[in-house]
Amino acid sequence: MAEQRDYFEDVYQVVRQVPSGRVTTYGAIARYLSLRAGARMVGWAMNSSHGHNVPAHRVVNSQGILSGKHFFGGPTIMQQLLEDEGVQVTDDRVVDFKTKLWDPSEELAM
DNA sequence: TGAATGACGTACT
DNA sequence: CAGTACGCCATTC
């Protein structure tokens, strides 16, 4: 049982700060945390986010695609959550993703 | 102990 | 422009 919680918690905190109606990308988080692992470990942290009160549904890949929707227990759970927050999703993709993109390096920086 | 995998991203062909 | 390959590194078998 490796309690790498420290590393994951860092990711969780960033995701938790994502405002409703906004989305962020794995790469953005990884880059903000200077994770050399790139973006893969960010997704891995999400996998462990179950029970951590982490709105992982606000985290999408660089294309704004709901890559992990299938991991929410349903192919429409993630989409429903986003739509419920005001994020329009079409074909598993965030509408106006580029505009709704919440970059920690931009919002949390400085 | 080593190999395989993985909610991604970037680079190259 | 599209497709393929590689990297990155922790977790799992």
Side-chain angles (χ1 to χ4, degrees):
Chain A
M1 304 307 195
E3 289 281 345
Q4 72 304 17
R5 189 186 307 137
D6 297 337
Y7 169 67
F8 288 162
E9 273 228 8
D10 207 3
V11 179
Y12 299 155
Q13 290 198 29
V14 177
V15 178
R16 275 186 209 163
Q17 288 165 78
V18 178
S20 182
R22 293 258 212 234
V23 291
T24 188
T25 69
Y26 302 98
I29 298 171
R31 202 162 54 157
Y32 173 70
L33 299 176
S34 301
L35 292 181
R36 299 165 191 175
R40 290 193 179 224
M41 292 284 76
V42 178
W44 232 226
M46 299 277 113
N47 200 345
S48 197
S49 71
H50 273 264
H52 289 264
N53 294 6
V54 178
H57 61 270
R58 291 182 189 158
V59 185
V60 294
N61 66 5
S62 63
Q63 294 180 72
I65 301 175
L66 286 58
S67 36
K69 64 169 186 186
H70 195 81
F71 282 69
F72 278 79
T76 53
I77 306 298
M78 192 173 184
Q79 181 170 342
Q80 285 294 302
L81 285 167
L82 287 171
E83 289 189 336
D84 185 58
E85 295 190 341
V87 180
Q88 200 169 6
V89 178
T90 301
D91 191 36
D92 299 329
R93 282 193 251 179
V94 177
V95 178
D96 227 358
F97 154 73
K98 207 171 175 181
T99 305
K100 295 177 184 297
L101 175 60
W102 184 85
D103 192 330
S105 276
E106 234 176 275
E107 305 292 332
L108 300 179
M110 296 182 274

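So that the names make sense, note that chain A is the first sequence line, chain B the second, and so on, each numbered from 1.
Nucleotide C/dA10 holds its C1' atom 15 Å from the CG atom of A/D10, rounded to whole Å. Rounded to whole Å, the distance from CD1 on A/I65 to C1' on B/dA7 is 12 Å. For the pair A/Y7 OH and C/dA10 C1', the computed distance is 8 Å after rounding to whole Å. For A/W44 and B/dG6, the CH2 to P distance is 7 Å, given to the nearest whole Å. Regarding A/M41, its CE atom lies at a distance of 11 Å from the C1' atom of C/dT12, rounded to whole Å.
Comparing C/dC6 with B/dA4, their P atoms are spaced 14 Å from each other, to the whole Å. Between C/dG3 and B/dA7, the two C1' atoms lie 22 Å apart (nearest whole Å).
Near DNA chain B, meaning a heavy atom under 4.0 Å from it, residues 70-85 of chain A has A/F71, A/F72 in order of number.
Between A/F72 and A/H57, the angle of the ring planes goes over 60°, which puts this pair in the perpendicular group of the 30/60° scheme.
Cluster membership check: A/L66 does not share its hydrophobic cluster with A/F71, using side-chain heavy-atom separations under 4.5 Å among Ile, Leu, Val, Met, Phe, Trp and Tyr. Linking Ile, Leu, Val, Met, Phe, Trp and Tyr residues whenever their side-chain heavy atoms come within less than 4.5 Å places A/V18 and A/L33 in a single cluster. Under the 4.5 Å side-chain heavy-atom criterion for ILVMFWY residues, a single connected hydrophobic cluster contains both A/W44 and A/Y7.
Using a cutoff of 4.0 Å between basic side-chain nitrogens and carboxylate oxygens, A/E107 and A/R22 are not scored as salt-bridged.
A/D91 contributes no side-chain N or O that, together with a main-chain N or O of A/R93, makes up a donor-acceptor pair within less than 3.5 Å. In this structure, A/Y12 contributes its side chain and A/A45 its backbone to a donor-acceptor pair below 3.5 Å. The main-chain N or O of A/Q13 is found under 3.5 Å from a side-chain atom of A/Q17 such that the two form a donor-acceptor pair.
Pairs passing the salt bridge (Lys or Arg N to Asp or Glu O under 4.0 Å) check and including a residue from residues 66-84 of chain A, sequence neighbours excluded, read A/K69-A/D92.
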Write down the protein N/O and nucleotide N/O pairs, taken from nucleotides 9-13 of chain B, whose separation is under 3.5 Å; answer none if there are no such pairs.
from: B/dG9; atom 1: OP1; to: A/S62; atom 2: N; distance (Å): 2.8
from: B/dG9; atom 1: OP2; to: A/S62; atom 2: N; distance (Å): 2.8
from: B/dG9; atom 1: OP2; to: A/S62; atom 2: OG; distance (Å): 3.2

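Among the atoms of the strands shown, base atoms are found under 4.0 Å from some heavy atom of A/A56.
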